[in-house]
Amino acid sequence: MRRDIFQAIADPTRRAIIALIAMQAMTPNAIADNFNTTRQSVSKHLRILTECELIKQEQQGREIYYSLEIEKMKEVDEWLNQFRKIWEIRYNQLDNLLLTIKKQKK
Amino acid sequence: MRNDLLFDFTVDKPAKTVYITREFDAELPMVWDAYTKQEILDQWWAPKPWSSKTKVMNFEEGGRRFYAMVSPEGQERWALQKYTSISPKTNFKFLNAFADENENPQLPGSEWDLSFSEESGKTKVSVSIYNESLERMEKMIEMGFKEGFTMTLNGLEELLATLLRK
């Protein structure tokens with residue numbers, strides 16, 4: 001199964017989970033307490049997030065804690081950058097053009 | 001890019017909307033013209049190395065702009081923009097769709113909303129682009145970016161397919 005960061009953030013519950021554990025590592029139970037869905041459905045989301053390598057598990061005594069691999073989020077930023085770049089280039093061209101027009105008017 | 005000029009770019013994925021705000025060091029009428037007159041528009045609209053070529057443009061409500069992005073190899077990608085609302089020097093809206101060379105649009109398209117305002121000689125342009133589909137957003141990238149980004153796009157295609165299957 002091939003999963004990636006975009007699959008991780010495609011679901012609103014998963015985005016909420018990401019926001020939750022961005023602050024601190026949490027146990028599955030503590031995470032589930034924040035949602036109205038079943039434990040199973042939260043577990044499923046956690047599994048997908050783990051497969052996307054956005055979160056990692058850590059055993060502490062009898063509890064499993066989930067925490068965020070925040071570096072992975074950079075991939076989203078890189079993806080967005082492509083759009084941003086088009087507009088940057090386009091608008092820089094407009095900057096230059098406006099400057100030229102201004103000079104011609106003088 | 002000039003650092004003293006505002007440039008904000010946000011993608012709201014759930015809303016399928018891209019927001020772009022940019023300031024220009026020029027007075028509003030000049031910037032408005034740059035967006036609404038074909039001879040000026042064609043000089044900056046296409047990110048290099050592509051160029052923009054407008055075949056038809058009548059800037060009025062119900063009017064249209066039919067233009068192509070031309071690649072360095074001469075490959076043409078046509079698009080059709082239908083102006084749905086115009087408030088001179090303030091705002092205009094259009095529906096944008098890719099098209100073939102005979103002006104047949106490929107729907108769905110995107111809805112563009114552009115607002116202009118001026119403050120102390122600087123003009124701010126805020127654009128919002130609502131896309132019916134993510135797939136289309138990907139195509140938008142491809143139009144201006146094919147050359148250097150082919151590899152990235154192949155990856156992108158894959159991940160969008162994954163995303164859309166959901």
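Only a predicted model underlies this, so the values are computations on that prediction, with no experimental measurement involved. Scope of the values below: all heavy atoms of this structure, side chains included, with no hydrogens, waters or symmetry mates.
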Y83(B) versus Q81(B): any side-chain heavy-atom pair under 4.5 Å?
->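 Counting from C-beta outward, Y83(B) and Q81(B) do come under 4.5 Å.
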Regarding S110(B) and W112(B), is there a side-chain donor-to-acceptor distance under 3.5 Å anywhere?
->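 Side-chain D/A pair, S110(B) to W112(B): present.
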Is the closest side-chain donor-acceptor distance between R22(B) and N92(A) under 3.5 Å?
->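 The answer is yes; a qualifying pair exists.
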What's the shortest heavy-atom distance between [X] and [Y], and which atoms?
X       : Y      : value
R39(A)  : A32(A) : CD-CB, 3.4 Å
C52(A)  : K72(A) : O-CE, 3.2 Å
D100(B) : F66(B) : O-CZ, 3.6 Å

So which bits of residues 28-40 of chain B come within less than 4.5 Å of chain A, counting non-hydrogen atoms only?
->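 Against chain A, the residues of residues 28-40 of chain B that fall inside the cut-off (heavy atoms, under 4.5 Å) are M30(B), V31(B), A34(B), Y35(B), I40(B).
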Check each atom of L97(A) against the heavy atoms of chain B and say whether the ones under 4.5 Å are side chain, backbone, both or neither.
->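 Just the side chain, heavy atoms under 4.5 Å.
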